[in-house]
Structure formats: C-alpha cells, structure tokens
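The block underneath contains the structure these notes are about, expressed in structure tokens.
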Amino acid sequence: MSKSSKQYEPRKTEDEIYKKWENSGYFNPDNLDLSEDAPTYTIVLPPPNITDKLHLGHSSMLAIEDLLIRFHRMKGYRTLWLPGTDHAAIATQNVVEKKLLKETGKTRHDLGREKFLEEVWKFLKGTQSTILKQTRKMGASLDWSREAFTLDEPRQKAVTQMFVNMYEAGVIYQGERIVNWCPRCHSTLADDEVEHTKQKAKFYTFKYWQDFPIAISTTRPETKIGDTAVAVNPKDKRYKKFIGQEFAGEFCGIPLKIKIIADREVDMDFGTGALGVTPAHSMVDWKMAEENNLKIKKVINEDGNIHQGFGEFSGLPAKKAGQLVIKKLQENNLIEKELEIENNLSTCYRCDTAIEPLPSKQWFVSVDKKLERLGDKSLKEKAIEVAKNKEISFIPDRFEKRYINWMENLHDWCISRQIWFGHRIPVWYKKVKNKKQEIKNREIYVGVNPPKDIENWEQDSDVLDTWFSSGMWTFSTLGWPNTFQNGKKSGDLDKFHPTQVLETGYEILTLWVSRMIMMSLFAIGEIPFENVYLHGMVLDEKGKKMSKSKGNGINPLDVIEKFGTDAVRLSLLIGNTPGNDLRVGEEKIEGYRNFINKLWNINKYITNNMEARPPYSRDIDINLTLTLADKWILDKMKNLIGEVNSDIQNYRFSQAGEKLYDFTWRDFADWYLEISKFEENKIEKNIVLQTVLDDLLKLWHPFIPFITETIWQENKNTKSELLMISEFPKSKSYAKILNGWSDESKNDFDKIQKIITAIRNARAENKIEPTQKIQAVIYAGNKIDLLRKTKVLLESLRTGISELEIKKTGEKIPDAIYIKEGGIEIYLLGGIDKEEEKLRIGKEIENLTKYISGLENKLSNKSFTEKAPVNIVAEERKKFREAQSKKTELELHLKKLN
RNA sequence: GGACGAUUAGCUCAGCUGGUUAGAGCGCUUCCCUUACAAGGAAGAAGUCACUGGUUCGAAUCCAGUAUCGUCCACCA
C-alpha cells in the first residue's frame, strides 16, 4: 500500500494478512515455539449450525473469543481455538424439506429415508463451511487443521460410544412419557424447543352428561372424550363430598368412566374449579394419572387425528373433532357457558405448529440415577456441585444462580427425535413373532457396531437430539474415545482438556452448557471448561432483535466491506459487557472506523518523521536523555499495559478497549505527537516513538488484528516476523527507565497540560484572530524548570504567543488575562476584553466557593475527621488548602481589574 | 407463578471491592481545510445517578420496599 494514502483501506489488505497468518501455521498450537511446560489455553468454538450464514451475533462471539485467543497466544500459552459446525438435526432437515417441497413438490416421505438423506448431504455440500469461510473474514485465528463437524465420522463414533456407555451404565433408558409432539415435523421437541405464545380461545363450560354432578371447562373439547377423571382441589367445599366417587356415562356417544380425584394443583378460582383429566394429552394430567393410577386413553395420534376406537370421531383431525363435540353438546343442551379467553399456546419453535402433547416411547437420559463413577452422585447433583464449589465459574457470576436454579428443577432429558437427519440411535430390535405372526417381545441390542446377523434386526428409526452430540463437543473434538483408554487421557485430550473458557450466549446456558457439563463428567470424570463467559444478544440500534424478516439486521459482511473488519470488531467489543445485550448500528461502526483511520495516520506521521527507524529493543536504554514529555508518555504506557493486562484477564474487554482508545487518541496523538513536532532530540525521540508504537500495536492486536499486523509488517525494523506471535507487553520493561520519574515531575506534565488548555481557553473567549500574536509574561516563582518546559510547549503548540518572558518576580500586570496553575502565574497581553475577563474570573470564583464550602462542611464534621481513613482526610485537607489559596489569588486579581 | 436483571447527559452505554466537583462515544453549539489524519483539530452546553426509606463519617455504588421495562423457566384445565 502506498504510504501517501490519507485513509486506511482495509479491503486491500485484510485477506492477504489473513493468508499470511494462516500460512504461518501458528493457528495450530503444535507449531508455536514453546517450552514443554508452557500452560495451555483452549477454547472450543461453539459450533454454528451448518446451514447458518454469518450474522452479527456470530461476529460478536468471534470477536470476543479471538481477543482471548490472541491475547493468550501472545502471552506464551499453548493456545488452541478449535473450529467446527453443528449438524442441527431438526433445523437442517427443515430447511431441506422446505426446499424439496418448493422445488419438486415432494415430501420426505415420498422420497424415503435413504433418498432423503442423500438430498440432505447433497444440500450440505453446497452450504457446508460457508459459515466457516465467513468466519475467516472476522480474522478468527482458529486452528483449521482440527476442524470438526458434529456428524462427521470421528464424532459419529464418539456419539455412538457415548450412547452405549450411558446405556450400559443405566443412565439411558427407554420410557413412556408425555412428550411435546409436533404433528407437522413428526417429531418430539425438548421442553426448551417449545415456544409459548398468547392466543384467544373459546373456553367452554359443560357437563359430560345431564346428571354428572360437576361442570368442567376446557379449551380443547376434542380431548375430553379421553377423560378418565375430574380433579378438584381438596379444600374445595363445593366438591369435597364427591372425592373418590366414580361415575359412568356416555359423553357424545363415547362411554366414559370418570373418577373424582383431589389434587392441590387445581386452582379453585379458575373456571368451575374442577378440571377434566385427560392423561394422554396434558403434562399436568399425566402426572395426576400416575399418582392416582388412572387409565390412560390416547385420543389423538401422531398425525394430529383422532385415534381409533372413538366411534364417529376416529380419523377426524383434532380441530374438526372438537367442533363436532361442541355441536353435540349444544344439541344435548349441556353447555353452561362459553367464554373468550386468552391462553397460552405451545408451538413448535421451528414451524410454529401447535404442539400436541402425546404419550410416546422415547429414550431418556436419567439425571437422577446415582452413579458409582461420580462417587454415588447423580449427573444432576455432580453438575450442581461443580458450580457450587467454583470448579466452574460463570462470568458474570449472577448466571451461576441461574444455572443452579435451572439444574435443581431438571427432569430426565428426552434424547430421541423422530426425524431422519442426525445420529441414528445405536439400538436394534429383533422381530420375534408368535404363532399368529404378530410381533412380540422385541429383543434389544445396543452396541457400537451393528449386530452380526443384521438381516434379522431392525435399527431404531429415531435419531438423537442435536444437543447430545454438541454436549460432547469439548472432548469429541479432542479425539475421545480413542484418547481416553482405561480412564487415562492421552494426546490432544490430555493436552487441551478441560478447556479454559466456554464463551457463548446466555440463551443457551441451559440448553447447551448444562448438558456439556453432565456429558463431560460422565465421559471423563472432569469438567469440560473452567469458565463460562456469557455474552448477550446483539440488537439493532432500537433494541430489537435483528431478524431477516424484519429487515433490521446488519449483515456483517456488508459492514466489513464498508468499514473494515477491525472497525466491526471494535464496535462489538467496546460497550459490550458480559451478560448484557448490545445495541449496534452503523453509526457506531463508523465511529470506530474513524479511530482505525486515526491509528493509521499516527503510524504514517511517525514513519514520515523518522529518517531511519531505530532498531527494535525490548528495554529502553537507561542512558538516553529523555524529556519530560517522553517520560510522561512512557509512564502512561507503563500504567496502560498493567491495566490492559488485568482488564483482559478479568474479562473487562470493553474497559481495556476504552483505555487503549483514550491513550491512543488523547494522550499519544493529541499530546505526545504534537509535542514531538518541536522537541529536538531526534534519536531519543525516535526510540520513544518506536517503543510506544510497537507496544501500542501489540496491546491493540487482540482487538484489531488486521490494521495492527499491517502496520507491523510495514515497519520492517521489527524483531518478530508476525505481530500475532510477538510477546504481549509487560509493564516491567518500563520500570528501569522510569526510575527517576518522580511523582512531582508526573504532576508537572499535568500542570503544563492545564496551562496550555487555559491559554487556549483564554484565547477562545477573547476571540483573538488566529493570526494575531499575543505577548505572555510568566512569573515563575521557584518553578523555573517547569516553566522552561512549558515555554517550549507553548511556542510549538502554535498558541500564537510571540514573546515569552520568564521572570522570577515582578510587577503584576493589570490589563492581562491572568492564569494561575501549579504555582505559576501567567499574564497574557494583547487583545483583552476587560469585562469578559472579569466575568470569567467571577465565574471561576463562584465555582471554587461552592467547592470550598463543600469541603469545609466535610472537614468540620468530627465524625469524618475521626472515622474516615487518615489518608483520605489528609487528601481532603490538601484539596481544601489548594482551593482556598487559588481563590485568594483570583480575588486579588479581580480587584485589580476593577 | 418461579428465577434473574435493568432504570446514570437528547441517544447508546461505562462506572471493578462505597471515597476528588459522576465519565465516554454519538448528537448538538461556536471557531478552524494549521502539509499524519475534515473519517481531522480547538473549545462549549447538557445529569436531583427512577422513587422512598435504611446502613455509613461518606451511597450512583450496600440493604429493604415501590414503580416502570426486560430476559429466561414453568404453565393455565
């Protein structure tokens, strides 16, 4: 790139830089030049869905993780960031089904399982790795040599092995249970995959038949033909006498036997205070049925139609059956009330179809079974324990409470899904037929490999919940089970597990994080990660979720093209705090683009003003003669390094970024570079400039890798080929040179800054033409040294002061702007409006008076002086004295003006 | 119903374990194209830190309550 370009053009360099990094091989920790005992630092990338495209949420995640990774790599850790994708069973199958229907008009059933899966894989060939390719655009320094997919061969093996292990340990079992059934997807949904929305519904109050004693209410009349009980609250006086009785009758032509049961869960004030129990089609009712030994009648089948055995209702879609029930009730005059109410509708998170609760045979992971390998604790207990004893910490820590609360209420996890795409359950059934050729007593085989006489067996048609395979992500990607034999870790698993941080969105804390913890505890008896960093959602500038349909989303690839990756990364890092949502609009990105450009120009200025770059050195030579400004910037840098280190280590990325931003722009560019324009000591100046710039680039690199590496590459004096693997700065290296830097001289520079600012203000207020020269007379007292430095600054900062006289003592000059700062008095002559000057000083005195009286109150308060820490009281006293003497000076001056 | 948050400048948000006259970015006002940068520079206005109590020498910060908003979970027959 030509050095004369005024603006940084990321488009021209980013891809090239990324290639350079990738070709270097340093994304792979095996290639890093490290000693044997270097500590490891591992993050596994939460695998995005294979059909995903990069959105701003991904970008935010990548920016945070890459920051951590680059920071630790530069810190000398054996750093691994492991990439991969998730097959997202239901989501992916849905996408392909939709596509199929649109293009050929066929459903998956038309194709059959094998053909359909072929279609899925064909589709995936086209989209696979799109997301990962886009990930590179974000500058993510992932080790591509270890890339994994939740459904590739090694992971299939791992998942199958895990299933078998859990089955053999009795953790996985088959059971009948009410599940959330989506009649459209033909699949069960996990509780967390069900969405609840409000809807208006007709709420009917009726009696099963004329002489039935209790009226009940429902929004789902069709299920009532499967009722086996009516539940009332045990405290309900109206119904108490019926409890335990049984009634038989005919409801809409269907014979029913209804038992009256008592249950505390029943709300006496809702409806009639009595609830018709339909065990097969409601979670609550199922529980009551289990407790009361009620008969379970399945009314609705998997297609959403009425089951066989219900006379004229059989085969009708549920909705129509409901209408028919109502019609019949009306005919028989059984309806007492009809209300419009708002209730909750459970829908499928994928297709929005209403959920049908159904009893069904499913595979479960028991969270309550005590396991010998976990010290006779259950998965649930152990997973809670590791959070409580801080083996795993949460950032921010409030999520620990949330996690524990969720875990304590956890039920067994249904892991079978009635779809085709995914890890097929490694269970086979042998068809054992009786004389009548009916299938009886199916024999079960569970194993890693199919049974030998496979032709006699049939594999379970279900696949596993996608979280089952992603729950194994930390170790299935590190070679498990091959790297875990006889209870011993080897290879990658030994080197990199447990990982250090899991960085993910808080919305999947329960969905994913909790399962990873349980799976890892079961499989290798250790936690999967030491820390869980939870980020919020990325929202648009109005605080709305970004979505394609609303069109309010920012496409990261667009803004990367427009503003550059670094600007995008910075706007996702600064202002982003753990666990909180982040609003991002283009304006914000634009702002950080401007900053990136500033950094570019800082380098350009330094380059242009250096005849030759000094050689790189880790420590600055003590024998250099440094100016006040040099020491000031080096001291600032030293502190900055310390703070950035500690901020990043404590996950305060936003604060680290803000401090860096402030230092770069305000301290380094606005002050130090301006001063450097006139200070003469060339060699020393160059060394300081070079040192600060080098360290600044390193500090910035984890945040904005592209521009920092680009500049690094242009400055060919550097020791390390790549900024990416150079050593992260330590404040120690500044300690020597700053030895003689006292607190006093530190304050001197602050005073100079104040003086100059004051002069600028004075000029602005008096509206002196920029070309107009003014005179300044400065009285130094005993601060001659500081004044010399100030003089140089003033002259060079184009304050327009033509004559500067430094005097030890002297007459006070009445018609002048008076400035007193740090024991120095300055009179500016020329172009002064007396009235305005009086006003200015008056205002200043007013402010001071307020301040002083505040301090006075505080200091006269005995409880403060006696109880507050000594150093704080002393500080306040000092402030009080300083303010008072300044006030006296100003008052004197004001008198003279009058 | 259960759990967890949020409320600070016109807008978006920082403010770590209580301690200067509460900060930043954007926006706004005035001035300036001074050869690193107008994607820039100099200056300025703007806040009862939601409300009410409490703890403390001292509260934006800790505690309790109120109001409003939000998220997650459960779930309504």
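Order of the sequence lines fixes the chain letters, A, B, ..., with proteins taken first and strands second; residue numbering starts at 1 for each chain.
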Item to check | Toward the 5' end of RNA chain B, by each residue's nearest nucleotide, A/Arg593 or A/Asp285 | outcome: A/Arg593
Next on the checklist: Using whole Å, what does the distance between atom P of nucleotide B/G41 and atom CH2 of A/Trp671 come to?
Outcome noted: 14 Å
Item to check | Watson-Crick/G-U partner (both atom distances under 3.5 Å) of B/U71 | outcome: B/A3
Item to check | Closest to side chain of A/Thr219, choosing from B/A77, B/U71, B/G40 | outcome: B/A77
Checklist entry - Distance between the C1' atoms of B/A9 and B/G25, in whole angstroms? => result 12 Å
Checklist entry - Please give, in whole Å, the distance from B/A3 C1' to A/Glu408 CD? => result 11 Å
Checklist entry - Does a nitrogen or oxygen in the side chain of A/Trp665 sit under 4.0 Å from OP1 or OP2 of B/G41? => result yes
Checklist entry - Taking NZ, NE, NH1 and NH2 as the nitrogens, is one of them in A/Glu222 or A/Lys224 under 4.0 Å from a carboxylate oxygen of the other? => result no
Next on the checklist: Can you check the distance between B/G23 and B/U8, where both ends of the measurement are the C1' atom (answer in whole Å)?
Outcome noted: 10 Å
Item to check | side-chain hydrogen bond (donor to acceptor under 3.5 Å, both in side chains) against A/Ser217, all qualifying residues, sequence neighbours excluded | outcome: A/Thr205
Next on the checklist: For a quick check of understanding: with a heavy-atom distance under 4.0 Å over all strands, which category does A/Ala274 fall into, base, sugar-phosphate or nothing?
Outcome noted: nothing
Checklist entry - Using the C1' atom in both, what is the distance from B/G58 to B/A22, to the nearest Å? => result 15 Å
Checklist entry - Between B/U61 and B/C16, how far is it from one C1' atom to the other, in whole Å? => result 11 Å
Next on the checklist: What is the separation between atom CD1 on A/Ile602 and atom C1' on B/A36, rounded to the nearest whole Å?
Outcome noted: 9 Å
Item to check | Spacing of A/Tyr506 atom OH relative to B/U71 atom P, expressed in whole Å | outcome: 8 Å
Using a cut-off of under 3.5 Å, enumerate the N/O to N/O pairs linking the protein to nucleotides 14-21 of chain B.
| residue | atom | partner | partner atom | Å |
| --- | --- | --- | --- | --- |
| B/A14 | OP1 | A/Thr577 | OG1 | 2.9 |
| B/C16 | O2 | A/Arg652 | NH1 | 3.2 |
| B/C16 | O2 | A/Arg652 | NH2 | 3.4 |

Item to check | salt_bridge(A/Glu590, A/Lys562) N-O dist < 4.0 Å | outcome: no
Item to check | Gap between atoms CH2 and C1', on A/Trp600 and B/A38 respectively (whole Å) | outcome: 19 Å
Item to check | Watson-Crick or G-U wobble partner of B/A77, both distances under 3.5 Å | outcome: none
Item to check | Minimum-distance nucleotide (side-chain atoms of A/Lys598 versus B/G25, B/A42, B/A36) | outcome: B/A36
Checklist entry - B/A6 phosphate, OP1 or OP2: any side-chain N/O from A/Arg583 under 4.0 angstrom? => result no
Checklist entry - Taking CG from A/Leu509 and P from B/C72, how many angstroms apart are they, rounded to a whole number? => result 13 Å
Checklist entry - Does B/U55 have a Watson-Crick or wobble mate here (both distances under 3.5 Å), and if so which one? => result none
Checklist entry - Residues in side-chain hydrogen bond (donor to acceptor under 3.5 Å, both in side chains) with A/Thr577, at least two apart? => result A/Asn580
Next on the checklist: Just to be sure I understand the rule, does A/Gly276 reach a base, reach only the sugar-phosphate, or reach nothing, if contact means heavy atoms closer than 4.0 Å?
Outcome noted: sugar-phosphate
Checklist entry - What interatomic distance, in whole Å, is found between P of B/C49 and the corresponding atom of B/U20? => result 16 Å
Checklist entry - Distance check: side-chain N/O of A/Asn861 vs OP1/OP2 of B/G58, anything under 4.0 Å? => result no
Checklist entry - When we call it a touch if two heavy atoms are under 4.0 Å apart, what does A/Phe399 touch: a base, just sugar-phosphate, or nothing? => result nothing
Next on the checklist: Among B/U71, B/C37, B/G41, which nucleotide has an atom closest to any side-chain atom of A/Arg402?
Outcome noted: B/U71
Checklist entry - Would A/Glu658 and A/Arg652 pass as an ion pair if we require N to O under 4.0 Å? => result no
Next on the checklist: Going by the rule side-chain hydrogen bond (donor to acceptor under 3.5 Å, both in side chains), which residues pair with A/Arg402 if we only count those two or more places apart in sequence or in a different chain?
Outcome noted: none
Next on the checklist: Among B/A77, B/G5, B/A36, which nucleotide has an atom closest to any side-chain atom of A/Lys401?
Outcome noted: B/G5
Next on the checklist: Just the rounded figure in Å: distance from P of B/G58 to CD of A/Glu866.
Outcome noted: 13 Å
Checklist entry - Say you pick atom P in B/U21 and the same atom in B/G27; how far apart are they, in whole Å? => result 31 Å
Checklist entry - Which listed nucleotide (B/G41, B/A39, B/G5) is nearest to the side chain of A/Arg398? => result B/G5
Next on the checklist: Regarding A/Glu875 and A/Lys878, does a basic nitrogen lie under 4.0 Å from an acidic carboxylate oxygen?
Outcome noted: no
Next on the checklist: Please name the nucleotide paired to B/A50 by Watson-Crick or G-U wobble geometry with both distances under 3.5 Å, or report none.
Outcome noted: B/U66
Checklist entry - Do NZ/NE/NH1/NH2 and the carboxylate oxygens of A/Arg666 and A/Asp662 come within less than 4.0 Å? => result no
Next on the checklist: Can you list everything that forms a ring-ring contact (aromatic ring centres under 6.0 Å, His included) with A/Phe251? Sequence neighbours excluded, please.
Outcome noted: A/Phe206, A/Tyr208
Checklist entry - Looking only at atom C1', what distance separates B/U56 and B/G18, rounded to whole Å? => result 9 Å
Checklist outcome for this item: Mate of B/U61 across any strand shown (Watson-Crick or G-U wobble, both atom pairs under 3.5 Å) is none
Next on the checklist: For B/A42, give the paired nucleotide (Watson-Crick: N1-N3 plus N6-O4 or O6-N4; G-U: N1-O2 and O6-N3; both under 3.5 Å), or none.
Outcome noted: B/U30
Checklist entry - Which residues pass the side-chain hydrogen bond (donor to acceptor under 3.5 Å, both in side chains) test with A/Lys879, sequence neighbours left out? => result A/Glu876
Checklist entry - How long is the line joining CG of A/Asn594 and P of B/A24, in whole Å? => result 18 Å
Next on the checklist: Please report the distance separating the C1' of B/G40 from the corresponding atom of B/U35, rounded so that it comes out in whole Å.
Outcome noted: 13 Å
Checklist entry - What does B/A24 pair with, Watson-Crick or G-U, if both distances are under 3.5 Å? => result B/U12
